[in-house]
Amino acid sequence: MNKYFNDAIIGNNKIRAGVTKKGELIRLFYPNIDFKQFIEEFMVGVKVNDSNLIHLENDINNVYGQYYSEGTNVLNTEIENTYFKLGIIQTDCAPIENNNLLIRKYKLINQNTIPLEVKLIVKSKLLTNENNDVASRIIDNGLIQYTHDYNFAIFSNKNIMSHKLHGIDDVIEGAILEDKDYIGMTNNSGIIYDLKTIEPNGEIEIPLYIYINDNKEKYKLSDIDKEIDNIVKKDYNQEIIKTKKYWRKYLKSHSNIEFSDSSYEQNIKNIYDRTILLYPLLGNSETGGIAASMEIDEGKTLCGRYAYSWPRDAVFITKALDLLDMNKETEKFYKSFCKNTQSKNGMWEQRFYTDGRLAPAWGYQIDETSSVVFGVYSHYLNTKDLKFLKDNFKMIEKATKYLEKYIDKILKGERLEKISYDLWEMHEGISLYSLSSIFASFEAMVKVNELILPEFVNNRLKQNEIKEQIQILQDKSRQIKEFIVKNFYDEQNNYYRRNLEDEKIDISVLGTIVPFNVFSPKEKKIQNTVERINMTLRTYTGGYLRFEYDHYTGDRPWVIATLWMALYYLEIGKKKEAKECFDFVVKTQNSHGFLAEQVDNQKMESAWVIGLGWSHAMFILVLNKLKELEK
């Protein structure tokens, strides 16, 4: 499966779906955003009069438009078949009150002067393997694809006309499906609904339901039929209306910035609103885990996959959540997810599934650990909730002890047991970003210890222990800074290097300023470094590369890198330059307000991962600073 781009994302608490700009459903995850993904192919088409199959998601005569219902995660795709003059409005909605369900409503409008006989055709091919083999079973009003573990049901409120279980690829284009079998050992099947005749200017609606449930212990075969009957009895339009109301209320409760009616401000608001609506779809409400994005590359053809939770991202994403009044989500990430994923020695591995299980990884990354320590204190600064610090104190204390051992080996020039990857997970060695994150975590722990100290007013031994730890951390912070200045600044070329092994200019050195505050943004050596960044990483469109010769999926600027420059400029008081970076990102949002990982310089549009949580987080951080300057 090489369908990479989720142009739109919909979902509820359990179902998350990726949809292309032509309305094709290319991914469906349940019960979390990162596991499991069901769909290999899901095709919906129509047969009009005596035509062959007309693919709704891809036909030469189709004209497309797509939009979310305002302020919601309910998606509408308008399809006009210009040959038959048949208009179709496809509405995709994951109901809030039924977390196992996806509704796809089709409204068909005859814009022709003659009657149109229309049939709706659905083909579903699920991912299958030897240990969880998919089979298919026809029911009166649809198709159930099932394994040992789950049922995947596709049905409507009317009975099917015909079906095909075996060999569907041989006949699907002819739009005639006939099969004597009602049950078969296949993961690739299709069904047809006869919508009868639509008169000129007439219209008809049909809901298509996708329902997933787990085959639990003592689960009866008849249970799925009962569940389908209950779903069909409900008014699907009312379910869509209730879902829209939920998301509009959710959006309003987390919107704390006012925007003017100018087109420029409304373009910013488009991203702002979509960010608020995106984050609950990236999160796991049970564990607090937050995925980087919806998956884009299951086959790992171009990357190592994205739908995992990196503790490293906490530095930026949880700060954005706090700014959006999503404090409970931030708190759960640290108190639940991070506690449950911390290793015995105090560190965190590279990445996890959002349910807390260890995800496939390829190495070790020290800033995963330091980021959590720094992030816990950052959240406290937002809430001033001392109880939150107390609840997480043992966790970050244990992590700090691990970081102390790691940094001691570096400062003493001893061999490291594990060589850490850098921020971009491409270079192994001692990196400036990693050291800066450790510096910031020690500075944060000094503040945490100072806040915890009064709690032991009657325990002099514990107080002395805490005071001693404060002094140790202060000394180590000073030593780290001295080590950075001595070893990372290239005196000949006047810039800070990203690591000790190569001389590439890298945007991540800005981590020494924001968020980690190792140096002042006005220091001459920092300004020299920024000058080199602008000469080397700034592209002709105004966006920034991550580092020199960054060829990952193409030589393209990154949203993260560009907004990082904006944050630096805001730190140094250069609002004009910051806005130029910010405006580059605003101009390159997709039509729904999603920000991508990268930007296509030629087309000036989103590229690669669309709806990247980290990109949206950086946008929120910059936007809030810009709005503060307007007050």
Side-chain angles (χ1 to χ4, degrees), residues 7-8 10 17 19-26 41-93 102-124 141-142 154-162 171-177 190-210 232 235-241 243-244 590-592:
D7 295 294
I10 60 174
V19 182
T20 70
K21 59 187 175 184
K22 293 182 177 181
E24 181 180 5
L25 181 66
I26 56 173
E41 182 185 5
F42 194 91
M43 185 281 301
V44 179
V46 293
K47 179 182 178 68
V48 181
N49 295 340
D50 294 324
S51 76
N52 284 337
L53 176 68
I54 299 170
H55 293 261
L56 293 193
E57 65 274 4
N58 188 24
D59 188 274
I60 194 171
N61 296 308
N62 287 352
V63 178
Y64 298 89
Q66 192 177 70
Y67 56 92
Y68 281 97
S69 296
E70 185 177 357
T72 77
N73 280 320
V74 176
L75 183 70
N76 305 283
T77 306
E78 293 187 350
I79 307 163
E80 180 186 356
N81 183 268
T82 57
Y83 184 84
F84 283 104
K85 295 184 180 179
L86 176 67
I88 301 167
I89 302 174
Q90 172 185 297
T91 299
D92 288 308
C93 171
L102 177 68
I103 299 174
R104 310 197 85 193
K105 182 181 80 169
Y106 294 89
K107 184 176 183 179
L108 297 94
I109 307 162
N110 184 355
Q111 300 163 340
N112 211 320
T113 56
I114 61 171
L116 299 176
E117 294 182 10
V118 182
K119 297 176 178 64
L120 188 76
I121 302 164
V122 182
K123 174 193 172 187
S124 177
N141 58 346
I154 306 161
F155 56 96
S156 186
N157 59 358
K158 64 182 299 177
N159 288 346
I160 62 173
M161 170 187 171
S162 61
V171 298
I172 186 71
E173 295 303 322
I176 297 175
L177 306 183
I191 50 180
I192 295 182
Y193 294 94
D194 189 356
L195 305 186
K196 306 298 183 182
T197 300
I198 308 177
E199 298 294 334
N201 299 316
E203 60 184 50
I204 191 171
E205 274 189 5
I206 179 171
L208 192 66
Y209 302 98
I210 299 175
V232 170
D235 185 331
Y236 59 89
N237 278 314
Q238 283 301 311
E239 294 302 305
I240 294 172
I241 289 170
T243 302
K244 288 178 181 178
N590 87 343
S591 60
H592 302 310

When you look at Val171 and Ile176, which way does the side chain to side chain contact (heavy atoms under 4.5 Å, CB included) test go after all the steps? CA-CA 7 Å; Val171 298; Ile176 297 175; over 6 Å; no
Considering all heavy atoms of both residues, which atom of [X] and which atom of [Y] are nearest to each other, and what is their separation?
{"X": "Thr197", "Y": "Pro115", "answer": "CG2-CB, 3.6 Å"}
{"X": "Tyr193", "Y": "Ile191", "answer": "OH-CD1, 3.6 Å"}
{"X": "Leu177", "Y": "Ile121", "answer": "CD1-CG2, 4.2 Å"}
{"X": "Asn157", "Y": "Pro207", "answer": "OD1-CD, 3.4 Å"}
{"X": "Ile79", "Y": "Lys22", "answer": "CD1-O, 4.4 Å"}
{"X": "Tyr64", "Y": "Leu56", "answer": "OH-O, 2.7 Å"}

Given Val74 and Ile10, is the side chain to side chain contact (heavy atoms under 4.5 Å, CB included) satisfied, shown in steps? CA-CA 7 Å; Val74 176; Ile10 60 174; over 6 Å; no
Check whether any side-chain heavy atom of [X] lies under 4.5 Å from a side-chain heavy atom of [Y], and answer yes or no.
{"X": "Ile160", "Y": "Phe155", "answer": "no"}
{"X": "Lys119", "Y": "Leu195", "answer": "no"}
{"X": "Met43", "Y": "Leu25", "answer": "no"}
{"X": "Ile204", "Y": "Val118", "answer": "no"}
{"X": "Ile89", "Y": "Tyr106", "answer": "no"}
{"X": "Lys105", "Y": "Ile206", "answer": "no"}
{"X": "Leu108", "Y": "Val46", "answer": "yes"}
{"X": "Tyr209", "Y": "Ile103", "answer": "yes"}

Output all residues satisfying side chain to side chain donor-acceptor pair (under 3.5 Å) with Glu57, sequence neighbours left out; order by chain, then residue number. none
Look at the side chain of [X] and the backbone N and O of [Y], then say whether any donor-acceptor pair between them is shorter than 3.5 Å.
{"X": "Asn110", "Y": "Ile198", "result": "yes"}
{"X": "Asn141", "Y": "Ser156", "result": "yes"}
{"X": "Gln66", "Y": "Thr20", "result": "yes"}
{"X": "Ser51", "Y": "Lys47", "result": "no"}
{"X": "Ser124", "Y": "Phe42", "result": "no"}
{"X": "Asn49", "Y": "Glu117", "result": "yes"}
{"X": "Gln90", "Y": "Gly23", "result": "yes"}

Take a 6.0 Å sphere around [atom1] of [X] and say whether it holds more than 12 heavy atoms from other residues, nucleotides or ligands.
{"X": "Glu173", "atom1": "CD", "result": "yes"}
{"X": "Tyr67", "atom1": "OH", "result": "yes"}
{"X": "Lys158", "atom1": "NZ", "result": "yes"}

Pair Thr91, Asn76 - check side chain to side chain donor-acceptor pair (under 3.5 Å), show working. CA-CA 4 Å; Thr91 299; Asn76 305 283; 2.9 Å; yes
Steps toward side chain to side chain donor-acceptor pair (under 3.5 Å) verdict (Asn590, Lys21): CA-CA 10 Å; Asn590 87 343; Lys21 59 187 175 184; over 6 Å; no
Glu24 vs His55, side chain to side chain donor-acceptor pair (under 3.5 Å): CA-CA, chis, key distance, verdict: CA-CA 10 Å; Glu24 181 180 5; His55 293 261; over 6 Å; no
Does either side chain, that of Glu205 or that of Tyr236, offer a donor lying less than 3.5 Å from an acceptor on the other one? yes
Under the side chain to side chain donor-acceptor pair (under 3.5 Å) criterion, do Thr77 and Asp92 qualify, and how do the steps go? CA-CA 8 Å; Thr77 306; Asp92 288 308; 4.9 Å; no
Between the OH atom in Tyr68 and the CG atom in Asn73, the distance rounded to the nearest 0.5 Å is 6.0 Å
So, applying side-chain contact (heavy atoms from CB on, under 4.5 Å) with Asn62, which one of Leu86, Ile54, Thr82, Ile88 is it? Ile54
Quick check on side-chain contact (heavy atoms from CB on, under 4.5 Å): which of Glu239, Gln238, Lys244 does Ile241 satisfy it with? Gln238
Test Ile154 against Leu208 for side chain to side chain contact (heavy atoms under 4.5 Å, CB included), laying out the working first. CA-CA 7 Å; Ile154 306 161; Leu208 192 66; 4.0 Å; yes
